[in-house]
There are 2 protein chains.
Amino acid sequence: MRLVIARCSVDYSGRLSSRLPEAIRLIMVKADGCIAIHADGGAYKPLNWMNAPNTLVEDEAAWIVTNPAGERLTITLAEVLLDVSQECGEDPGLEKDGVEAHLQALLAEHPETLGDGVRLVRREYQTGIGPVDLLCRDSEGQAVAVEIKRRGEIDGVEQLTRYLHRLNRDPLLRPVRGVLAAQRIRRQARVLAEDRGISCVEVDYDALRGLDDGELRLF
Amino acid sequence: MRLVIARCSVDYSGRLSSRLPEAIRLIMVKADGCIAIHADGGAYKPLNWMNAPNTLVEDEAAWIVTNPAGERLTITLAEVLLDVSQECGEDPGLEKDGVEAHLQALLAEHPETLGDGVRLVRREYQTGIGPVDLLCRDSEGQAVAVEIKRRGEIDGVEQLTRYLHRLNRDPLLRPVRGVLAAQRIRRQARVLAEDRGISCVEVDYDALRGLDDGELRLF
DNA sequence: GTGTATATCTCGGGG
DNA sequence: CCCCGAGGTATACAC
């Protein structure tokens, strides 16, 4: 990793055009060749960046970064205040717990959370326009399509609506009803869902994990 | 801005839980107190981060970062290889050209691009479930709701469908027809749109800008 | 490669 | 605060 702090201006031309007037910023160059330009505040997102793979041509006054897609980043250097490099080696990577996949795994183990007598038919049931998270049958034998989100929002309702429309063409399944399951469901999403006859279930992730025997398989 | 390169492990607990095994990484602390931990490759996105505002408690062996939402980041330091600080001052910010807002401004100036005789009624017409980008009337006097995207995809069709459903409840407007305008429209979006009676218009941004007198107002 | 969905999305704007 | 929408979204994964 190479870290340069410099007074610089930056021009980007590619998916859009942008310009950064001269100021002091951090230029971060990673081992894979990607470049990010950070202001001293705001957020983790850089002001400008170029992902790998790209080509860096560096002279005294300017750096020109280009990539195969024809995007171009030009960094014009007025004054370099810091220029250090450090070998970092491989990163073992981030281990996550608590993402949607875990919620799906837990609900697949405990489908009764979605309603008495609900049992799992398949996870990631393919519809042709994307996979339904869970396909279940309820105590009456009716098919239930379950869309799982960390947060239930309008997009999730739209997604489930598309699946239901599709699944209800299948004579072996129909009539299929829909369930939106999420740790929290926004009011507007709830309104839209109920308007379309889709049930909403808020799931307590920690309680569900407590039900589990401790062995959590992702797939 | 403070830059620390250290052999460290990191634990995050908040919206999810995550753990980073020990390795050499960059810890970036910005003037507003936000913290990001970068590996030497991958992308511009850090492995872990905490946005401002937050509280940093630093001792020799570990940094503990907490925020008002109850999220917590713990950085355990094994070896510090670099620790530099640099005052950067205010950043004048990024100036963009070519985003959706520009396309909307251009189409508002030249609604005839969307069809002969089409004239603008309002930009950002409020529907109660979000604003329609442009509300127009065509040569026959029929209301036209226009959704503008840089890239036309299924989400845009869903969005416009929701608006149309809503607008068609208004006796002063109905029947309202829909137009999806974008620089490029994906095939699947086009199929879905046509299935719902929504027209698709691909817009040449540069040509449209050429039509303009050079004065481009965003709003 | 396209298509689809997720994300600690981030970020900004409006009510 | 919530809600909504845009993003050079990035990223992963299936077909």
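All chains are named by letter (A, B, ...) in the order of the sequence lines, taking the proteins before the strands, and each is independently numbered beginning at 1.
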Exercise. Please walk me through it: do B:Val176 and B:Leu164 pass side-chain contact (heavy atoms from CB on, under 4.5 Å)?
Worked result: CA-CA 7 Å; B:Val176 185; B:Leu164 286 169; 3.8 Å; yes

For this session: State plainly whether the residues A:Arg186 and A:Glu153 are in salt-bridge range, i.e. N to O under 4.0 Å.
Result: yes

What's the [atom1]-[atom2] distance between [X] and [N], to the nearest Å?
{"X": "B:Glu158", "N": "D:dC4", "atom1": "CD", "atom2": "P", "result": "15 Å"}
{"X": "A:Ile129", "N": "D:dC15", "atom1": "CD1", "atom2": "P", "result": "14 Å"}
{"X": "A:Leu47", "N": "C:dC11", "atom1": "CG", "atom2": "P", "result": "10 Å"}
{"X": "B:Arg123", "N": "D:dG5", "atom1": "CZ", "atom2": "P", "result": "17 Å"}
{"X": "A:Arg151", "N": "C:dT6", "atom1": "CZ", "atom2": "P", "result": "14 Å"}
{"X": "A:Glu153", "N": "C:dA5", "atom1": "CD", "atom2": "P", "result": "15 Å"}
{"X": "A:Asp155", "N": "D:dG5", "atom1": "CG", "atom2": "C1'", "result": "10 Å"}
{"X": "B:Tyr125", "N": "C:dG14", "atom1": "OH", "atom2": "C1'", "result": "17 Å"}

For this session: Could you tell me whether the side chain of B:Asn48 has a donor or acceptor atom within less than 3.5 Å of a complementary atom in the base of C:dT8?
Result: yes

For this session: Examine the base of D:dG8 for any acceptor or donor lying under 3.5 Å from a partner atom in the side chain of A:Glu71, and report the outcome as yes or no.
Result: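 Yes.
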
Problem set entry | DNA chain D: 5'-proximal contact among B:Pro131 and A:Lys45 (nearest heavy atom) | B:Pro131

For this session: Starting from the 5' end of DNA chain D, give me the residue, A:Arg186 or A:Ser18, whose nearest nucleotide shows up first.
Result: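 This one resolves to A:Arg186.
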
Between [M] and [N], how far apart are the [atom1] atoms? Round to whole Å, please.
{"N": "C:dA7", "M": "D:dG7", "atom1": "C1'", "answer": "13 Å"}
{"N": "D:dG8", "M": "C:dA5", "atom1": "P", "answer": "22 Å"}
{"N": "C:dT6", "M": "C:dT10", "atom1": "C1'", "answer": "14 Å"}

Exercise. Taking for each residue the nucleotide of DNA chain C bearing the nearest heavy atom, is the 5' side occupied by B:Tyr12 or by A:Arg162?
Worked result: A:Arg162

Base, sugar-phosphate or nothing for [X]? Non-hydrogen atoms, less than 4.0 Å.
{"X": "B:Gly130", "value": "sugar-phosphate"}
{"X": "B:Gln126", "value": "nothing"}
{"X": "A:Glu147", "value": "sugar-phosphate"}

For this session: State whether the aromatic ring of B:Tyr44 stacks on the base of D:dA10, taking stacking to mean ring centres under 5.5 Å apart and ring planes under 30° to each other.
Result: no

Problem set entry | Exam field: side chain A:Ser17 to backbone A:Ser13, donor-acceptor pair closer than 3.5 Å | no

For this session: For the residue pair B:Thr161 and B:Arg196, confirm or rule out a side-chain donor-acceptor distance under 3.5 Å.
Result: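 Distance-only check passes for B:Thr161 and B:Arg196.
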
Problem set entry | Chi angles and distances behind the side-chain contact (heavy atoms from CB on, under 4.5 Å) call for B:Tyr12, B:Met50 | CA-CA 9 Å; B:Tyr12 165 76; B:Met50 289 278 279; 4.2 Å; yes

For this session: When you get a sec, tell me which of C:dT6, C:dT10, C:dA5 is the closest nucleotide to the side chain of A:Glu100?
Result: C:dT6

